[in-house]
Amino acid sequence: PLKLGYSVLGWNHPGFAGSSGLPFPVHETSASDAVYKFAVTQLGFQPEDIVLYGWSIGGFASSWLAMNYPRVSAVILDASFDDLVPLAVSKMPRFASGLIEAAIRKYMDLRICEQLKKYEGPVLFYRRLRDEVITTEMQTIHSNRGNDLVLGTLKQRYPHLFSTIELQVYVESLFSAPIETWSMDVNASVLDDIRQIRSKEGYTFPSNIGEDCGEDEKQNLLSAIAQEYMVDLNEMHCTPLDPALFKLPTLI
């Protein structure tokens with residue numbers, strides 16, 4: 001973003017890279033809140049001029065800020081995940097799963113998707129196709145927990161498009177492959193129709209899109225909408241985002 005002319009205010013998590021404090025959620029939210037208030041009260045930025053960008057675990061702070069300051073312009077989550085529990089459980093012995101979940105819920109409860117559901121502004125997700133950190137099976141697209149983050153967001157925003165279990169399975173099958181392999185034939189006209197409907201709705205959520213549609217129409221709508229929310233990067237987890245691929249999300 002700096003190379004593209006944006007003003008950038010970055011920070012380190014408490015307990016990371018020389019920062020003071022401890023890396024627990026309560027300290028994370030307090031620190032991010034202080035950074036946001038500094039940007040508004042000291043630097044003079046208006047909430048409508050602020051885009052929250054969260055990479056990896058930074059999705060927790062960004063989604064928390066979006067939940068508490070819903071006037072921010074947009075949220076971008078890069079290589080982030082829906083919930084820490086499934087990731088942690090997948091890395092540890094199966095017999096310890098109950099203990100791991102209990103410990104995380106008590107001390108490190110990072111439910112990014114649940115926080116993001118409380119924000120109604122534009123959101124964009126970068127998914128890294130060779131991610132080796134937020135996958136439950138090493139470097140497999142279908143097990144990338146970023147898929148679950150996008151899925152949870154879409155289900156909350158467009159509930160009528162998930163009226164059957166088959167429609168959720170359809171989206172999960174889409175997410176198991178790179179976006180470039182999805183069918184693109186109908187999406188241009190479908191997006192025009194979606195924008196007309198959303199304009200009449202006033203861009204509020206949950207949306208009524210798909211309420212009177214059949215299964216095939218809903219699949220087309222889901223494919224088109226998902227491509228507006230997601231960008232694939234053929235990168236691993238820690239590769240810096242190419243400035244040429246940075247873009248701002250639009251509300252749909």
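Numbers here are sequence positions counted from 1.
Using a 4.5 Å heavy-atom threshold, the side chains of Val123 and Ile76 count as separate. Taking the side chain as every heavy atom from C-beta outward, Leu22 and Pro14 never approach each other to under 4.5 Å. Between Val171 and Leu151, the closest side-chain pair of non-hydrogen atoms falls below 4.5 Å. Looking at heavy atoms from C-beta onward, Ile141 lies out of side-chain contact with Ser176 at the 4.5 angstrom threshold. Counting heavy atoms from C-beta on, the side chains of Leu124 and Tyr126 come closer than 4.5 Å. Contact annotation: the side chain of Tyr158 approaches that of Ile252 to within less than 4.5 Å [non-hydrogen atoms, C-beta and beyond]. Between Asp83 and Cys113 there is no side-chain heavy-atom pair separated by less than 4.5 Å. Looking at heavy atoms from C-beta onward, Pro23 lies in side-chain contact with Phe16 at the 4.5 angstrom threshold.
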Going through the distances and angles, do Asp109 and Arg111 end up as a salt bridge (charged side-chain N to carboxylate O under 4.0 Å, His left out)? CA-CA 6 Å; Asp109 196 10; Arg111 285 187 257 197; 2.8 Å; yes
side-chain hydrogen bond (donor to acceptor under 3.5 Å, both in side chains) between Glu120 and Thr204: does it pass, once the steps are laid out? CA-CA 7 Å; Glu120 293 196 354; Thr204 58; 5.7 Å; no
Salt bridge (charged side-chain N to carboxylate O under 4.0 Å, His left out) between Asp78 and Arg128, worked out: CA-CA 8 Å; Asp78 181 358; Arg128 291 160 182 260; 2.8 Å; yes
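Donor-acceptor pairing under 3.5 Å is lacking for the side chains of Ser143 and Glu137. There is no side-chain donor-acceptor pair under 3.5 Å between Thr153 and Lys117. Donor-acceptor pairing under 3.5 Å is recorded for the side chains of Gln168 and Lys155. Of the N and O atoms on the side chains of Tyr69 and Asp33, at least one donor lies less than 3.5 Å from an acceptor on the other residue. Side-chain atoms of Gln219 and Glu215 form no donor-acceptor pair, as typed in the model, at a separation below 3.5 Å. One side chain, Ser223 or Gln227, offers a donor N or O that lies under 3.5 Å from an acceptor on the other. When only modelled atom types and interatomic distance are considered, Ser19 and His13 share no side-chain donor-acceptor pair under 3.5 Å. Side-chain contact check for Tyr229 and Arg127: no donor-acceptor pair (N or O, by modelled atom type) lies under 3.5 Å.
At distances below 3.5 Å, not a single donor-acceptor pair connects side-chain atoms of Thr181 with backbone N or O atoms of Ala177. Between the Lys218 side chain and the His160 main chain, a donor and an acceptor come within less than 3.5 Å of each other. Judged by distance alone, with hydrogens and angles left aside, the side-chain atoms of Trp55 form no donor-acceptor pair with the main-chain N or O of Leu241 at under 3.5 Å. A distance-only check finds no donor-acceptor pair linking the side chain of Glu48 to the backbone of Arg71 [under 3.5 Å]. A donor-acceptor pair under 3.5 Å is formed between the side chain of Glu217 and the backbone N or O of Gly214. Counting only distance, with no hydrogens or angles, the side chain of Thr239 and the backbone of Glu235 share no donor-acceptor pair below 3.5 Å. Of the possible polar contacts, one joining the Asp131 side chain to the Ile134 backbone as a donor-acceptor pair under 3.5 Å is found.
The cluster map of Ile, Leu, Val, Met, Phe, Trp and Tyr, joined by side-chain heavy atoms under 4.5 Å apart, puts Val75 and Tyr203 in the same cluster.
Under a cutoff of 6.0 Å and an axis angle of 45°, Arg198 and Phe205 form a cation-pi pair.
When the shell of 6.0 Å around CE of Met236 is examined, it contains more than 12 heavy atoms from other residues, nucleotides or ligands. Counting heavy atoms of neighbouring residues, nucleotides and ligands inside a 6.0 Å radius, atom NZ of Lys3 does not exceed 12 of them.
Of the residues Phe60, Trp64, Phe125, the one that meets the side-chain contact (heavy atoms from CB on, under 4.5 Å) test with Leu116 is Phe125.
The shortest heavy-atom contact between Gly121 and Arg157 is O-NH2, 2.7 Å.
In this structure, Tyr107 and Phe24 have tilted ring planes: the angle between them lies in the 30° to 60° band.
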